[in-house]
Amino acid sequence: MLFSVLCVASVVVLAASEPPAVSTAPFPDPLVFENGEPVETQEDWQTRRAEMRDLMLRNQYGAIPSAPVPVRLAETLAEETQNNGATLFRTVRLAVGAENAFPVRVEMYLPAGGAGPYPAILRVGLGCPVVQEINERGYIFACYENQDFDFDTLGNDKIGPAQAMFPDCDWGSLAAWAWGASRVLDYLLTLPEVDPQRVVITGHSRTGKTALLAGALDERFALVVPNGSGCGGAAAYRRYGPECETLELITRPSRFASWFHKDFRRFADKEPELPFDQHFLRALVAPRPVLSTDALGDLWANPIGTAAACRAAQPVFEFLGVSENNAMHFREGKHDQLPEDYRVLLDFADHHFFGKPLTCTYGEGPGEK
Ligand code: GTR
C-alpha cells in the first residue's frame, strides 16, 4: 500500500507497511494503576496522573527539564496599531536562560484601546488568519517561533538551543517546543493585559501535537486545543484509520524520528505493546477542558484515531465530574487551521470562561462509538 505525502515543493512517496493488525487492541485503562490497583479517590488520580505522565515522557517524548529557567524581555522589536484600530500588535524578543540565554521571537495581538486583563490564546508557531476577530471578541492572540527552541529538521537532526542548554535531557523536538510554550507563558503571565486564569494553548499539525503535550504537562494552561494534531498528538496508535500516518512512518530516521525520544521507534508495528496511548495525554489535561479540532478529510491525521482516543479518555473526565470538558470537533475538509476552527475554539472558550451557551456539538466524531 502506498501513501503519497505532499512535502514543501516535492512529492514524497512513502511505502507504508501493511496496516498493522492493531485496530481492535484494547486501550490501557487510565483509571487502573500499572500494578493493577484501581483509581478510587481524587488523591489516587493525582498519583495515577503522575504515573501516566512519566510513561508518556519516558517512552515517547523524552524528559522535560524541571529546573526553573529565567525568562526576560530582551527587546521590543515593533509596536503598532493594526486592523483599523482593533489590534495593538507587538513583537518582542525574549531571552530564555541565565548565562548563554537564547532569543525567542513572540508576536502579540492585543485588543486595542482597553487595559484588560483579557483571556489569551497562545499558539505554538507563528501566524493566524483571524486576528482581528479574536481581538474583537476580547481575546489576546500570541504566538511564538517554536524553532527558536529546537530546529525542525527532516532527517538530519541538529541540537537546538533548548537541548544545548540541558545536555543531559533526552527530549525530542516536540518536548522542547512544549517546554518552550511554558517559557513563553512565563513571560505572558508577567503582563497586566493577560488574564492568568484564562490562557488557551493551541497549534496545528506538528505544533498541534506540541500544544496538546504542553497543555497536558503545564496546568497553567486553562484550555487545550490541538488542531489537526494526528499521530503523536490526539490520535490513538491503536486505532489507525485509512491512509493515516503510523508510528512506523513518523519515527523513520529520514522523517520525524527527532521529534520523539530516540528509542520510541522500538514500538513501530508493536502498538499493542505501548504502555499508554494518546488518550492518556488527553486525560492528563483533566479536569481542565480539552478540545481537539480536526477535519474529516484529513486522513493522514487519522480522525478515526482522534475520536477513539477522545472516547477512551472520557472515563477520567466522568470520574472527575467534568464530563463536558472532553470535547472534539470535526469539520468537513482538509488539513488546516482555518477561521472556522478558531471560531469553534472561541465559542468553546467563551462557554468555559464566561458561561456563554455552546454553539455546536462538541462530542461527535467518526468511527465506532
Ligand atoms: C507531516 C507529518 C505530520 C504533521 C505534518 C505537519 O509531514 O507527517 O505528522 O505533523 O507534517 O506538521 O504539517
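One-based numbering, in listed order, for ligands and for the atoms of each. Remember, predicted model here, so these are calculated numbers, not experimental data.
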Please set out all donor-acceptor pairs under 3.5 angstrom arising from side-chain atoms of residues 164-171, sequence neighbours excluded.
residue : atom : partner : partner atom : Å
Asp170  : OD1  : Ala63   : N            : 2.8
Asp170  : OD2  : His261  : NE2          : 3.0

Which word best sums up how the rings of Phe267 and Phe264 line up, parallel for under 30°, tilted for 30 to 60°, or perpendicular for over 60°?
tilted

Taking 4.0 angstrom as the limit and counting only heavy atoms of Arg255, give me the atoms of ligand 1 inside it, by number and element.
7 (O), 8 (O)

With nothing but distance in play, are any N or O atoms of Arg206 less than 3.5 Å from an N or O of ligand 1?
yes

Say you draw a straight line from CG of Asn135 to CG of Asn83; how long is it, rounded to the nearest 0.5 Å?
7.0 Å

What are the atoms of ligand 1, with element, lying closer than 4.0 Å to any heavy atom of Ile250?
9 (O)

The side-chain contact (heavy atoms from CB on, under 4.5 Å) partner of Leu217 among Val285, Leu212, Leu57 is Leu57

With a 4.0 Å cut-off on heavy atoms, is Lys209 touching ligand 1?
yes

Considering residues at least two apart in sequence or located in another chain, which fulfil the ring-ring contact (aromatic ring centres under 6.0 Å, His included) criterion with His352?
Phe348

Atoms of ligand 1, numbered as shown, that sit under 4.0 Å from any heavy atom of Trp259
9 (O), 10 (O)

